[in-house]
Amino acid sequence: MPRTLDGQITMEKTPSYFVTREAPARISAMSKDTKLIVVVRDPVTRAISDYTQTLSKRPDIPTFESLTFKNRTAGLIDTSWSAIQIGIYAKHLEHWLRHFPIRQMLFVSGERLISDPAGELGRVQDFLGLKRIITDKHFYFNKTKGFPCLKKAEGSSRPHCLGKTKGRTHPEIDREVVRRLREFYRPFNLKFYQMTGHDFGWDG
Ligand SMILES: Nc1ncnc2c1ncn2[C@@H]1O[C@H](COP(=O)(O)OS(=O)(=O)O)[C@@H](OP(=O)(O)O)[C@H]1O
């Protein structure tokens, strides 16, 4: 991690910190003032997205439906499958709250990052104590990509969308399996809304 000079903010990101048991203590030991930003989306869609990403690299893996259950007849969800485990946000957050106060954490809605990127980035800028430089003016909706894109990439005058690995088409998943997963996540989601003081709207 480079030294941070006056007037600079050092940022670092990885998708795996939030669920890594050792990460909260290690980050707190490095700097207990660190601000933490977590992007969360509906855990069911997240699991399907995770599966879609693995499937793109290993097309021979079993179906989403078969990986979801330890015992499908009994409706027993396989919580050891990482695609499912990662979405139990309340459990992961508990570990962070042993080392950081909730005011040092910002939870960005993955859904709103798509429907209102400037609004969500406004929250990020406020949280970091920055002026709201990034606004609506910086985005446009790209119909081909189906997502918001930047009107101008940094250091360029050309528009920029995220790459092909972001926004893949998800496979169709058995509705009953989706329903069962929604039921499974519901109590954890409600706990998460309570802990963060923010209803992400994944449960109707
Ligand atoms: N503007 C824009 N363009 C494209 N994609 C967008 C955008 N905003 C959010 N998203 C969502 O980001 C999802 C991929 O991000 P990940 O967090 O999975 O990426 S990472 O591989 O873990 O870094 C990706 O998930 P999938 O749709 O499942 O691919 C998108 O839904």
So, the side chain of [X] versus the backbone of [Y]: is there a donor-acceptor pair under 3.5 Å, distance only?
X	Y	result
K145	G163	yes
T45	R41	no
H138	T135	yes
K32	F100	no
K151	S157	no

Does [X] share a hydrophobic cluster with [Y], counting links as ILVMFWY side-chain heavy atoms below 4.5 Å and allowing steps through other members?
X	Y	result
I27	I102	yes
L36	F200	yes
F192	V108	no
M11	L5	no
I173	I77	yes

Side chains of [X] and [Y] in contact at under 4.5 Å (non-hydrogen atoms):
X	Y	answer
I88	P43	no
H95	R21	yes
F147	I114	yes
I37	M105	no
T165	Q53	no
S56	R168	yes
N189	W202	yes
L106	V38	no

Ion pair check, [X] and [Y], cut-off under 4.0 Å:
X	Y	value
E120	R112	yes
D174	R72	yes
D42	R46	no
E65	R180	no
E183	R179	yes

Between T4 and I9, is the side chain to side chain contact (heavy atoms under 4.5 Å, CB included) condition met? List the steps.
CA-CA 6 Å; T4 308; I9 294 181; 5.7 Å; no

To the closest 0.5 Å, what do you measure between [atom1] ([X]) and [atom2] ([Y])?
X	Y	atom1	atom2	answer
R3	Q8	CZ	CD	12.5 Å
D60	L55	CG	CG	9.0 Å
L130	L121	CG	CG	11.0 Å
K35	R103	NZ	CZ	10.5 Å
K152	H160	NZ	NE2	15.5 Å
H170	D50	NE2	CG	10.0 Å

Nearest heavy-atom neighbours spanning [X] and [Y]:
X	Y	value
S80	D78	OG-OD1, 2.6 Å
I84	F184	CG2-CE2, 3.9 Å
R123	S109	NH1-N, 4.4 Å
K191	A90	CG-CB, 3.7 Å
Y51	T63	OH-CA, 3.3 Å
T34	Q104	O-NE2, 2.9 Å

Kindly check if the number of other-residue, nucleotide or ligand heavy atoms within 6.0 Å of [atom1] ([X]) is above 12?
X	atom1	result
D6	CG	no
K70	NZ	yes
E172	CD	no

Using 30° and 60° as the class boundaries, would you call the ring planes of H92 and F18 parallel, tilted or perpendicular?
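Taking F18 first and then H92, their aromatic rings stand perpendicular (interplane angle over 60°).
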
Taking the six-membered ring where the residue is Trp, are the ring centres of F64 and W81 under 6.0 Å apart?
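Close enough - the centres of the two rings lie under 6.0 Å apart.
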
Determine whether the aromatic ring centres of F107 and Y89 lie less than 6.0 Å apart.
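No; Y89 has its ring centre 6.0 Å or more from that of F107.
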
Among pairs that include at least one residue of residues 143-204, which meet disulfide bond (SG atoms under 2.5 Å apart), considering only residues two or more places apart or in two chains?
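Sorted pair list: C149-C161.
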
Should T14 and T20 be marked as a side chain to side chain contact (heavy atoms under 4.5 Å, CB included) after you check the CA-CA gap, both sets of side-chain angles, and the distance that decides it?
CA-CA 11 Å; T14 170; T20 304; over 6 Å; no

Taking atom types as modelled, find out whether [X] and [Y] have a side-chain donor-acceptor pair closer than 3.5 angstrom.
X	Y	value
Y193	D203	yes
S31	D33	no
S49	T52	no

